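Fair warning: this is a prediction, and the values are worked out from it, not measured in the lab.
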Amino acid sequence: MKFYFNRIISGVVLVVLISACSTKKDAFINRNWHALNTKYNTLYNGNLAFEKGREELNNSYRDDFWEVLPVERLEVTEEIKLDSEDNNPNFIIAEEKATKAIQKHGMEIDYEERNPQTDEAFLLLGKARYFDQRYIPALESFNYVLRKYKKSDKFNEARIWREKTNMRLDNPELAIKNLKNLFKYDVLKNQEYADANAVMAQAYLNIGAADTAIQKLKIAQGYTKKKAEKGRYLFIIGQLYNQLGFKDSANYAFDKVIALNRQSPRVYMINAHLKKIQNTLITDSSKEELIEYLTDLEEDRENRSFLDKIFHEIAQYHLALGSDSLALVYYNKSLRATEADKKLNARNYENLAEYNFDKNEYKASGAYYDSVLTNLTLNTKKYRAIKKKFDNLEDVIKYEDISYKADSVIVLYEMSPDERVTYFENYIAELKRKAEEAAQKEEERTTKGFAAFGETKAGKKNRGKFYFYNVASLGYGKNDFKTRWGDRQLEDDWRWSNKVKALPSEATGELIVDSDTAGEPTSEEKYSLDFYLDAIPTKIEVIDSLRTERNFANYQLGLIYKEKFKENMLAADKLESVLASRPEERLILPSKYNLYKIYEESGSPLATTVKQDIIKNHGDSRYAEILLNPQAVLADNTDSPDKKYTELYKLFQGQDFLNVITTSEEYINKFTGDPIVPKFEMLKANAIGRLRGFEPFKEALNYVALTYPNNPEGKKAESMVADQLPKLAAKEFSPETGSKGTGNWKVIFPFKIHNNEAALKLKKRLEESIKDLKYKNIVSKDIYTLEDQFIVVHGFKSKDFALGYAELLKNNKDYRIKDENFVILSSNYKIIQVHKNIDEYKSQILTPKP
């Protein structure tokens with residue numbers, strides 16, 4: 001009987017459970033069954049995943065305290081996502097759970113939702129999408145809650161989240177309007193009121209209304225129950241007051257952050273301390289108090305993870321007081337302490353760069369600016385500004401290196417044998433002393449390290465075993481080696497990271513590296529006197545080459561210091577050293593002229609001496625002409641220099657080279673000091689080359705390179721001197737033996753310049769013949785010299801074709817062209833145009849050999 005009773009009861013319970021699973025019946029059991037399943041199963045797991053994802057975002061997000069913080073700690077990208085690909089898996093799980101709760105437990109009957117947990121499922125769905133930055137789908141979820149669940153206790157929360165989403169979709173005005181309506185018509189809980197005001201504050205920040213944002217943040221920090229939010233809001237209030245210039249109000253807000261102490265994340269408190277210090281003017285009465293303040297922050301063990309910023313602020317303090325050495329120490333300590341804060345690194349390096357720049361240490365400054373660039377985001381305004389400064393110093397770094405290395409070797413070369421021996425003996429003794437100190441420190445470090453390791457659990461476990469059988473000790477040793485030496489190949493002399501020959505500098509004792517020399521100093525060579533003595537160059541050609549490099553580098557440095565940095569003393573020192581070092585002829589005159597300009601600007605009586613020197617010893621130079629006949633800049637500025645250059649360039653294209661040369665000279669004098677002058681100089685140099693040939697072209701290019709080394713034209717001229725002129729220097733003609741020669745051939749008709757009318761008439765007839773014969777050749781008129789020109793038919797594939805064409809013109813009754821002509825290989829034509837040596841060509845190639 002009991003058995004049947006139990007079966008009946010079980011059956012009834014089963015029927016009740018089955019009927020309760022239905023989402024179409026509006027019964028008490030159904031409603032509560034699905035509500036419980038939604039709340040304590042599906043939504044519970046969804047909320048756990050959501051909170052885990054949010055925690056991961058908080059842990060990975062790093063605030064940029066150099067800028068005004070966003071109200072919400074959320075890293076936002078510019079991309080607007082529409083799906084869930086490549087997103088945080090925890091938010092995907094939260095979304096899936098919310099969707100499952102809606103689909104399996106939703107009880108929409110007669111257009112009304114009977115499950116009281118479904119609104120929370122839609123809210124979770126929207127929040128998961130929001131943190132995945134899929135704002136449009138998130139907006140749909142929040143709008144659904146607002147449309148379907150107007151009596152829900154989550155209604156106001158959904159409205160706040162909707163406005164957060166509108167703000168992320170770049171609709172801050174709409175968010176503000178809707179939140180104002182929320183305040184006007186609804187009663188909010190304290191936390192809801194705080195959240196709504198925080199969202200509105202961010203919206204006002206987005207539209208640039210910082211003062212209104214401050215008021216909203218004050219309300220938010222007053223109503224929020226979350227201390228972390230309170231600390232953040234107060235800190236942002238302080239930042240905004242700083243932005244508006246109200247430092248006292250900012251410090252009042254920062255004091256409130258500091259008063260929260262451990263109730264709020266420590267990062268807000270430390271940065272509030274530092275902001276207060278930055279807002280305090282350093283005076284005689286405040287400087288002692290400030291250094292005590294900073295020292296307390298530095299010595300507090302709880303601030304160890306913030307030492308990078310504290311050291312930076314201490315460096316700023318010492319720099320402001322003129323304690324340069326202490327400032328440099330703390331900037332470097334900050335660089336060693338920082339890890340991921342690239343902006344802090346950039347500021348430290350920039351301060352070091354500017355310090356060295358002010359001290360005229362341009363090479364060191366350039367190296368620091370280079371480090372600044374590696375810590376800045378590409379193509380930002382700040383990056384472009386620093387890049388411009390670095391580019392200005394790049395040439396200084398290059399030429400200072402050349403000068404320094406060459407001078408060091410020359411100094412060693414000029415020593416007597418006894419002086420060299422004494423110098424290197426002292427150098428080797430110093431090397432040995434440093435090596436002994438380093439070895440002693442390494443031994444102490446290793447001993448302490450293994451002693452400490454021996455007291456660990458792993459060390460005690462393996463105590464007494466042979467080292468290479470002791471797995472724990474061996475592992476410790478490997479890590480210790482890698483920490484000190486890095487990754488090294490298993491090879492002889494593994495301690496040497498650079499395999500190069502080296503000489504120590506006389507000035508500093510540093511090694512002067514010769515990267516072109518194979519091999520590396522071994523342990524024996526490193527302490528061998530003969531090794532260093534043998535490395536000194538002995539050939540006078542090598543030393544002369546080094547002197548040439550050094551003098552050119554010093555000349556370039558003189559112009560850079562004069563033109564770019566306005567450091568006339570440094571410029572004069574470099575140019576004087578050039579003149580005192582037996583320079584090449586091409587450097588003497590421009591060095592003197594630039595020295596004259598420097599002395600003239602500084603009012604030195606030496607200006608007159610240098611001027612008389614130039615006029616006396618270089619009377620036929622352009623510099624002397626400028627000094628003797630200075631032309632005032634014409635008062636008529638209606639003619640644009642750019643327009644004049646364009647007109648002159650058209651003359652160049654029309655091969656009116658003589659006019660280009662003379663007019664360029666006129667414009668160079670007229671527009672002295674204008675940035676366009678180097679362009680006129682370059683155009684003039686090219687015209688000289690086309691009209692007068694290789695040697696005058698080389699001289700003109702050298703003039704441009706030396707006179708304007710920091711302009712694009714000067715750099716281009718320098719590059720042409722180094723790369724193109726050697727290729728154009730060849731004067732040997734290619735043989736043209738045999739009528740079967742293949743290649744690119746031309747037929748040349750020589751004319752005198754004064755017979756230009758006849759030349760043009762022939763050119764027209766040749767073009768007509770090419771058209772009649774349906775050839776694809778091109779006819780041109782090429783200037784050769786001041787007196788001669790050529791009419792040239794280009795593009796014959798062989799000498800036979802070229803000769804046949806010339807013969808056809810001579811004998812065909814339609815043309816009867818009997819003007820003098822000859823056939824030439826294209827490469828040989830290029831040589832006669834470059835070197836103006838047609839007579840040599842005729843004697844070597846055209847004249848039959850006996």
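Taking OH of Y527 as the reference point, atom CZ of F424 lies at 15.5 Å (rounded to 0.5 Å). Interatomic distance, CD1 of I598 versus CG of D573, reported as 10.5 Å (0.5 Å rounding). Between the CD1 atom of I236 and the CG atom of L217 there is a distance of 6.0 Å, given to the nearest 0.5 Å. A distance of 8.5 Å separates CG in D300 from NE2 in H273, rounded to the nearest 0.5 Å.
Annotation: D358, atom CG; neighbour count of heavy atoms from other residues, nucleotides and ligands within 6.0 Å is above 12. A 6.0 Å sphere centred on CD of Q278 holds more than 12 heavy atoms belonging to other residues, nucleotides or ligands. Within a 6.0 Å sphere centred on CD of E394, heavy atoms belonging to other residues, nucleotides or ligands number more than 12. For OH of Y252, the number of neighbouring non-hydrogen atoms (other residues, nucleotides, ligands) closer than 6.0 Å is 12 at most.
With hydrogens and angles ignored, the 3.5 Å screen pairs no side-chain donor or acceptor of T377 with any backbone N or O of Y383. Checked by atom type and distance alone, the side chain of D407 never pairs as donor or acceptor with a backbone atom of S403 at under 3.5 Å. Side-chain atoms of R347 do not come within 3.5 Å of backbone N or O of L344 as any donor-acceptor pair. At distances below 3.5 Å, not a single donor-acceptor pair connects side-chain atoms of D370 with backbone N or O atoms of G366. Counting only distance, with no hydrogens or angles, the side chain of Y268 and the backbone of V257 share no donor-acceptor pair below 3.5 Å. Put simply, the side chain of K230 gets close to the backbone of Q221: a donor and an acceptor are under 3.5 Å apart. Side chain of N551 to backbone of S581: a donor-acceptor contact under 3.5 angstrom is found. A donor-acceptor pair is defined here as one N or O able to donate and one able to accept, closer than 3.5 Å; such a pair exists between the side chain of R420 and the backbone of Y413. Here the side chain of R550 pairs no donor or acceptor atom with the backbone of I402 at under 3.5 angstrom. Using modelled atom types, one side-chain atom of R232 and one backbone atom of P70 make a donor-acceptor pair closer than 3.5 Å.
With ring centers used as reference points, Y368 lies 6.0 Å or more from F357. Taking the centre of each ring, Y349 and Y369 stay at or above the 6.0 Å mark. A centroid separation of less than 6.0 Å is found between the aromatic rings of F65 and F235.
Here E400 pairs with Y561 under the side-chain hydrogen bond (donor to acceptor under 3.5 Å, both in side chains) rule; sequence neighbours left out. Remark: E718 pairs with no residue by the salt bridge (charged side-chain N to carboxylate O under 4.0 Å, His left out) rule, at least two apart or across chains. Scored by the side-chain hydrogen bond (donor to acceptor under 3.5 Å, both in side chains) test, D391 finds K387 as partners (sequence neighbours excluded).
R266 and N303 are linked by a side-chain donor-acceptor pair at a separation below 3.5 angstrom, with hydrogens and angles left out of the test. For the residue pair N348 / S334, a side-chain donor-acceptor distance below 3.5 Å is found, with atom types taken as modelled. Residues N426 and E430 have side chains that never bring a donor and an acceptor to within less than 3.5 angstrom of each other.
S365 and A353 make their closest contact through OG-O, 2.8 Å (heavy atoms, listed as atom of the first residue, atom of the second, distance). The two residues L294 and I310 make their nearest non-hydrogen contact at O-CG2, 4.2 Å. What you find for L234 and A253 is that their closest heavy atoms are O-CB, 3.6 Å. L706 and Y555 get closest at one heavy-atom pair: O-OH, 2.5 Å. Closest of all the heavy-atom pairs between P537 and V542 is CB-CG1, 3.8 Å. Closest approach of L307 to E298, counting heavy atoms only: CD2-O, 3.7 Å.
Using a cutoff of 4.0 Å between basic side-chain nitrogens and carboxylate oxygens, K276 and E289 are not scored as salt-bridged. Remark: E313 does not engage K309 in a salt bridge, criterion side-chain N to carboxylate O under 4.0 Å. For the pair R262 and E302, the salt-bridge criterion is met [side-chain N within less than 4.0 Å of a carboxylate O].
Side chains of D64 and K343 form a contact here, defined as non-hydrogen atoms less than 4.5 Å apart. For the pair L352/L328, a side-chain contact is recorded, criterion being any heavy-atom separation below 4.5 Å from C-beta on. In this structure, L326 and L321 have side chains that are not in contact, with every pair of non-hydrogen atoms separated by 4.5 Å or more.
Geometric assessment of K363 against the ring of Y404 yields a positive cation-pi assignment under the 6.0 Å and 45° thresholds.
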Review point. What do the steps show when you test L319 against Y331 for side-chain contact (heavy atoms from CB on, under 4.5 Å), and what is the final call?
Key: CA-CA 10 Å; L319 191 65; Y331 280 131; 3.5 Å; yes
| Stepwise side-chain contact (heavy atoms from CB on, under 4.5 Å) check, E601 with N568 | CA-CA 9 Å; E601 185 178 335; N568 285 345; 3.5 Å; yes
Next item on the list: May I have the step-by-step check of salt bridge (Lys or Arg N to Asp or Glu O under 4.0 Å) for E437 and R433, ending in yes or no?
Entry: CA-CA 6 Å; E437 288 182 0; R433 184 188 67 78; 2.6 Å; yes
ask   = Taking it one step at a time, do Q316 and N351 satisfy side-chain contact (heavy atoms from CB on, under 4.5 Å)?
value = CA-CA 9 Å; Q316 294 284 84; N351 286 326; 3.2 Å; yes
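Using cut-offs of 30° and 60° on the angle between ring planes, the pair Y330 and F311 is tilted.
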